[in-house]
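Throughout, numbering of the chain's residues begins at 1 and tracks the sequence. First listed ligand is number 1; within each ligand, the first listed atom is number 1.
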Amino acid sequence: MNNNPTVLEINLGSIEYNLGFFRSRLDKKTKILAVVKASGYGTEAVSVAGRLEKLGVDYFAVAYADEGIALRKSGVKTPILVLHPQVQNLELLIQYDLEPNLYSEKVLDSFLEQIKKSNRGNYPVHLKFNTGLNRLGFRKSDLNLIYSKLKEVSLVKVKSIFSHLVASEDQNEKEFSLNQIHEFNSIGKSFEHLFGFLPMMHMSNTSGILNYPEAHFDMVRLGLGLYGFANDHDVTSKLKNVISLKSIISQIHHIKKNESVGYNRGFFAKSEMKTATIPLGHADGLFRSLGQNKIFVRIKGQKAPVIGNICMDMIMIDISNIDCDEGDEVVIFDSQKDILAMAEQAGTISYEIMTAFSDRIKRLPV
Ligand SMILES: *Cc1c(COP(=O)(O)O)cnc(C)c1O
């Protein structure tokens, strides 16, 4: 049981709304794969996937096999693509009906070996092609090799070929992105020529969906957008906020002029003041770089800046002008604007803020 009063609320209705927003921008035939890796971008993958499954998404993707196993154990029946399978997990992956991304010769060989032992045929697999990210994937020139390994065997069925855009959010890299799309199209043509059939093709993440309709292909891989962000303030403002972080006041202090607050005397009172201590800190994902007045929280709608240095498990805030008591609710953030401001102050992106919250923080789907 997690009885921590610090709670990350996850608004499943907002996720539903955001899915609808992207659906309305896609051709009816285009399938949607919902990316729920990293605990649903820091939310809570089981309840998020449960809701999305009811809404009829076509596929889920996770990064690692364990994440897919957790979804299967919770009863998810929708196909799950494992984006980054590890050879030591392939047996488990098959046991839980997860669909691997075969991205290299080594993973392809290991998988064929494993599937032989499992007595299963036509096992759904996905092939990833590297068109510029240089992270995971075969090259177009590997197609003959792949064909030679797969042509005789009915152990696997290639359900999709896919690639990933390097800078789909960046209009300055439009030419590079268009080249990637061109290369992927050409991989599709060669695949069909060799294999005599063309599986599903997919390439677009959230920004790809918005910026490159020509890269929608048969399916899109929607991650960040589901959780309320779109790499562009305009579109983000049209999405609904999904996560809100709330806590309570643990203790209130009356501080005299010239007293200091927190580690290393990171804050000095210029006059008599009132502070409150809140039970979350840098070990919970509230980066230490956000201390020293860089962010504020809200109590009864009023802003209270974070003062001094952020501790591992606590923050201190200035509540001199707020009428409040120990136990009162504190809102760390409840809008995309707050989260983006945190990201900017910490010199990072929304993705990192969202996925940094510790397991100590209770997840509360609402
Ligand atoms: C994480 C990921 C996505 C989702 O990207 P968003 O920008 O969050 O929509 C899509 N495809 C792959 C391969 C990924 O790793």
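- Side chain to side chain, Y59 and E99 meet the donor-acceptor criterion of an N or O pair below 3.5 Å.
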**OP:** For side-chain contact (heavy atoms from CB on, under 4.5 Å), just list the numbers for D334 and R298, CA-CA rounded to whole Å, side-chain angles, deciding distance to a tenth of an Å, and then say yes or no.
**Re:** CA-CA 10 Å; D334 61 2; R298 282 193 206 86; 3.7 Å; yes
Using a cut-off of under 3.5 Å, which N/O atoms of ligand 1 pair up with protein N/O atoms, and what distance separates each pair?
residue: ligand 1; atom: 7 (O); partner: N205; partner atom: ND2; Å: 2.9
residue: ligand 1; atom: 7 (O); partner: Y351; partner atom: OH; Å: 2.6
residue: ligand 1; atom: 8 (O); partner: Y41; partner atom: OH; Å: 2.5
residue: ligand 1; atom: 8 (O); partner: L224; partner atom: N; Å: 2.8
residue: ligand 1; atom: 9 (O); partner: T206; partner atom: N; Å: 2.9
residue: ligand 1; atom: 9 (O); partner: T206; partner atom: OG1; Å: 2.5
residue: ligand 1; atom: 9 (O); partner: G223; partner atom: N; Å: 3.0
residue: ligand 1; atom: 9 (O); partner: L224; partner atom: N; Å: 3.4
residue: ligand 1; atom: 11 (N); partner: R221; partner atom: NE; Å: 2.8
residue: ligand 1; atom: 11 (N); partner: R221; partner atom: NH2; Å: 3.4
residue: ligand 1; atom: 15 (O); partner: K37; partner atom: NZ; Å: 2.7
residue: ligand 1; atom: 15 (O); partner: R135; partner atom: NH2; Å: 3.4

**OP:** Please lay out, stage by stage, how Y212 and F176 fare under the test ring pair (Phe, Tyr, Trp, His ring centres under 6.0 Å).
**Re:** CA-CA 12 Å; Y212 296 98; F176 189 87; over 10 Å; no
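- With R360 as reference, D313 is the one residue of D313, N4, N2 to meet the side-chain hydrogen bond (donor to acceptor under 3.5 Å, both in side chains) rule.
- Relative to the six-membered ring of Y17, K240 meets both conditions, a distance below 6.0 Å and an angle of at most 45° to the axis.
- K246 is linked by a salt bridge (Lys or Arg N to Asp or Glu O under 4.0 Å) to E9, counting only residues two or more places apart in sequence or in another chain.
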